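Below you'll find the structure, written out as structure tokens, and then a few comments.
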Amino acid sequence: MISIDLGTSSVRACLVTSDLSILFYAQQSVDLLTEIDGKAEQIPTQVLDASFQVIKEITEYAKEQNHPILAISFSNAVSSLLQLNTDYQPVGNFLTYADTRSFKEAENLRKQYPSDFFKNSAVPLHASYWLPKILWLKKNNLLKSSCKYFCTIKDLLVFRLTGQFVTDQSNAIATGICNAKTLDWHPDFLEIMGLDPDRFPKISPTIKTLDLLPEIKSFLGLPANVLLVLGATDGVLSSLGAGAVSPGQVTTMIGSSGACRIAANKPLLNKENVTWSYPLADGIWIRGGAMNSGGLVAEWLFDSFYPDLEMSDQKTKFQKVFYEIKNIPATSEGLVFLPYIFGERAPIWDEKARGVFFDIHERHHRSHFARAVFEGIIYSLFSIFEVIQTDNLDEIEIRATGGYTRSDEFLQIQADIFNHEIKVPDDHEGSSIGAAALAFFSLGKFKNLRAASDLVGIKKVIKPNENNRIPYQESYLKFKSLYYALKPEFRRSQ
């Protein structure tokens, strides 16, 4: 399989075998256009061109090595919003999940409607999702007169490859305007936006297969019999790629952002909706929450506190910083960091939250601040873990994916704060492996997705240090109370 992962910093492609091993990897960087007002846009043609480029690279390698390609499948960052004209051409840049300029529209919707009005959306009412975004576009006259259709960047790529305007159920739920019970566009939400359902893609299962256009197969050098499998959002596929799709299996991820997810047999629908629930396939739902406070915060630390590492690669930065902080005790001698530099999504869903160092005293120096940053990132991750455990499960298993799994020291902080052992799969490219596994299942190579997940091996296990359990519990309580104490100030200062 060729699995394509559409992210906000790059487009990645992997050639994956039926035993879920990665044979070859290609990547193209893409730009994320940001401003201090919450803007976070991408250029559609840049993402499409990068996608075609990585597919070509994978295809050329597969031909050279005589590896037959069965299908292409997709993973993508959630909730991108494109405007298309009548010819299905993009109109302007597209908004990413990270664009929070519609926060006032989200607040107004929460005030205007009863607390349980949006529960069947299976997602929080937040600026990340389409309903407030489209209302914001309308209010600011940014809804183009030539706009006929709305879709995600993955939907546009699928249209370019197949000629069919379709989205998968996972991405449909991740727009926030789909009914999780009917898996169709929600008529009440369409009414609020004043839009008809025919302006959105047709919703199909994640395992739906489509034929590629002949001219596209020729352009990309793909074999005549290759198929396209719709795929799903990166979060649910990361859980599948980590081998964590049975109830009680938790996946944590830290890349540019972060997430914590748990497998379940149904969505979690309640009026609070502080987590989301996205369908995978085979009766499996993934519940969870994503946070802004991941690797981007670590990069901020490196840039702000370690200018001497400016020209180093990310791996070297982590190694040198963790070497420096190795003698700093757990909880950083009382220093606590709220990592909300970019606002926050789950579980507080507060676009106005900001970063804070608290309880600084004369013994603290650069190493303390660095350790407090990593602890703050994991506290945020743990705050999601706390709320996704809703089924009174006797056993919880935690698996970690993403770039942070390269650092045993980072994982040790997680194991200590979570007070759970952390299992690390053989490959950290969970979303790409998950997209391939879903495609193999779609084509009948696996009897079910749990059989696919059984192929995922564990290369290391990080066990918690019992001596750090109580100090971290106390420090985490201070972390939580600090946010709620400062929440009114975040609103007054912006």
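Heavy atoms only: backbone and side chains are in, while hydrogens, waters and symmetry mates are out. On a predicted model such as this, the values are computed, not experimentally measured, just so you know.
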Check for me whether the distance between the ring centres of Tyr379 and Phe382 falls short of 6.0 Å. no

Donor-acceptor check, side chain of Asn85 to backbone of Gln89, threshold 3.5 angstrom: yes or no? yes

Taking the six-membered ring for Trp and the single ring otherwise, decide whether the centroids of Phe358 and Phe479 are under 6.0 Å apart. no

Is the closest side-chain heavy-atom distance between Pro247 and Asn265 below 4.5 Å? yes

Donor-acceptor side-chain pairing of Glu474 and Tyr476 below 3.5 angstrom: no

Any idea which heavy atoms bring Pro132 and Leu125 closest together, and the distance? CD-CD1, 4.5 Å

Going by salt bridge (Lys or Arg N to Asp or Glu O under 4.0 Å), name the pairs with one or both residues in residues 80-94, residues two or more places apart or in two chains. none

Calculate, to the nearest 0.5 Å, the distance between atoms CD and OG1 belonging to Glu41 and Thr96 respectively. 8.5 Å

Between Thr206 and Gln169, is there a side-chain donor-acceptor contact under 3.5 Å, judged purely by atom types and distance? no

Carefully, step by step, assess Ile192 and Leu135 under the rule side chain to side chain contact (heavy atoms under 4.5 Å, CB included). CA-CA 9 Å; Ile192 291 172; Leu135 294 179; 4.1 Å; yes

Quick one: CG on Asn273 to CZ on Phe118, what's the gap to the nearest 0.5 Å? 10.5 Å

Salt bridge present between Arg160 and Asp155 (N-O < 4.0 angstrom): no

Short N-O contact, Lys133 and Glu105, less than 4.0 angstrom: no

Heavy-atom closest contact (Ala174 atom, Thr233 atom, distance): CB-CG2, 4.0 Å

Distance, nearest 0.5 Å, that separates NZ of Lys266 from CD1 of Ile284: 16.0 Å

Aromatic ring pairing Phe189/Phe117, orientation class (parallel under 30°, perpendicular over 60°, tilted between): tilted

When rounded to the nearest 0.5 angstrom, what is the spacing between OH in Tyr483 and CG in Leu338? 9.5 Å

Do Thr8 and Gln42 pair up side chain to side chain, a donor and an acceptor below 3.5 Å, judged on atom types alone? no

Where do Val336 and Ser475 land on the side chain to side chain contact (heavy atoms under 4.5 Å, CB included) test, with the steps shown first? CA-CA 7 Å; Val336 173; Ser475 182; 3.9 Å; yes

Do the ring centers of Tyr340 and Phe490 come within less than 6.0 Å of each other? no

Do you know which two heavy atoms are closest between Glu344 and His126, and how far apart they sit? O-NE2, 4.0 Å

Looking at Ala13, is its backbone amide N or carbonyl O close enough to the side chain of Gln27 to form a donor-acceptor pair, meaning the two atoms are under 3.5 Å apart? no

Just by distance, no angles: are the side chains of Ser239 and Arg261 close enough, under 3.5 Å, to form a donor-acceptor pair? yes

Please indicate whether Lys317 has more than 12 foreign heavy atoms, meaning atoms of other residues, nucleotides or ligands, lying under 6.0 Å from its NZ. yes

How close do Ala400 and Leu411 get, counting heavy atoms only, and between which atoms? CB-CD2, 4.0 Å

Can you tell me how far the OG1 atom of Thr331 sits from the CD atom of Gln473, to the nearest 0.5 Å? 12.5 Å

Where do Asp350 and Arg345 land on the salt bridge (Lys or Arg N to Asp or Glu O under 4.0 Å) test, with the steps shown first? CA-CA 6 Å; Asp350 188 350; Arg345 289 181 285 167; over 6 Å; no

Angle class for the Tyr404/Phe410 ring planes (parallel below 30°, perpendicular above 60°, tilted otherwise)? perpendicular

Between the main-chain N or O of Gln164 and the side-chain N or O of Thr162, is there a donor-acceptor pair closer than 3.5 Å? yes

Crowded around Lys181 NZ? As in, over 12 foreign heavy atoms under 6.0 Å? no

Hey, would you say the Phe318 and Phe302 ring centroids sit under 6.0 Å apart? yes

Given salt bridge (Lys or Arg N to Asp or Glu O under 4.0 Å), test Glu107 with Lys104 step by step and report yes or no. CA-CA 5 Å; Glu107 287 183 346; Lys104 288 184 179 178; over 6 Å; no

Do Glu299 and Gln314 have a side chain donor and acceptor closer than 3.5 Å? yes

Among side-chain atoms of Ser293 and Ser380, is any donor-acceptor pair under 3.5 angstrom? no

One pair to check against ring pair (Phe, Tyr, Trp, His ring centres under 6.0 Å): Phe200 and Tyr149. What are the steps and the verdict? CA-CA 6 Å; Phe200 302 91; Tyr149 305 107; 9.4 Å; no

Decide yes or no on side chain to side chain contact (heavy atoms under 4.5 Å, CB included) for Ile433 and Ser3, but give the supporting numbers first. CA-CA 7 Å; Ile433 291 174; Ser3 58; over 6 Å; no

Stepwise, does the salt bridge (Lys or Arg N to Asp or Glu O under 4.0 Å) test hold for Glu386 with Lys480? CA-CA 12 Å; Glu386 273 193 318; Lys480 283 209 303 185; 3.4 Å; yes

Work out which heavy atom in Ile348 is nearest to a heavy atom in Ala353; give both atom names and the distance. CD1-CB, 4.2 Å

So that I can tick it off, tell me whether Asp359 and Lys478 are bridged by a salt bridge, with the cut-off set at under 4.0 angstrom between side-chain N and carboxylate O. yes

Might you confirm whether atom NZ of Lys138 has over 12 heavy atoms from other residues, nucleotides or ligands at distances under 6.0 Å? yes

Starting at CG of Leu482, measure out to CG of Leu477 and round the result to the nearest 0.5 Å. 12.5 Å

Ignoring hydrogens and angles, tell me if any N or O in the side chain of Asn171 forms a donor-acceptor pair with the backbone of Thr167 under 3.5 Å. no

Less than 6.0 Å separating the ring centroids of Phe374 and Phe337? no

So with a 6.0 Å cut-off around NZ of Lys202, is the heavy-atom count from everything else above 12? no

Which heavy atom of Ser80 sits nearest to which heavy atom of Trp130, and what is that distance? O-NE1, 3.1 Å

Aromatic contact, Trp276 with Tyr278 (centres under 6.0 Å): yes

Donor-acceptor pair, side chain of Ser73 and main chain of Ala435, under 3.5 angstrom: yes

Before accepting this row, confirm whether a basic side-chain N of the pair Glu397/Arg399 lies closer than 4.0 Å to the acidic partner's carboxylate O. yes

Decide side chain to side chain contact (heavy atoms under 4.5 Å, CB included) for Phe150 and Leu81; before the verdict, give the C-alpha distance in whole Å, the side-chain angles of both, and the deciding distance to 0.1 Å. CA-CA 7 Å; Phe150 300 91; Leu81 176 60; 3.9 Å; yes

Electrostatic pair Arg406-Asp313, nearest N-O below 4.0 angstrom: no

Using a strict cut-off of less than 4.0 Å between a Lys/Arg side-chain nitrogen and an Asp/Glu carboxylate oxygen, indicate whether Asp99 and Arg101 qualify as a salt bridge. yes

Can you confirm whether Leu381 sits close enough to Phe385 that some side-chain heavy atom of one is under 4.5 Å from a side-chain heavy atom of the other? no

Can you see whether Asp49 engages Gln53 through a side-chain donor-acceptor pair at a distance of less than 3.5 angstrom? no

Will you find, in the side chains of Ser431 and Asp234, an N or O donor that is under 3.5 Å from an N or O acceptor? no

Cys147 side chain reached by Leu84 side chain, heavy atoms, under 4.5 Å: no

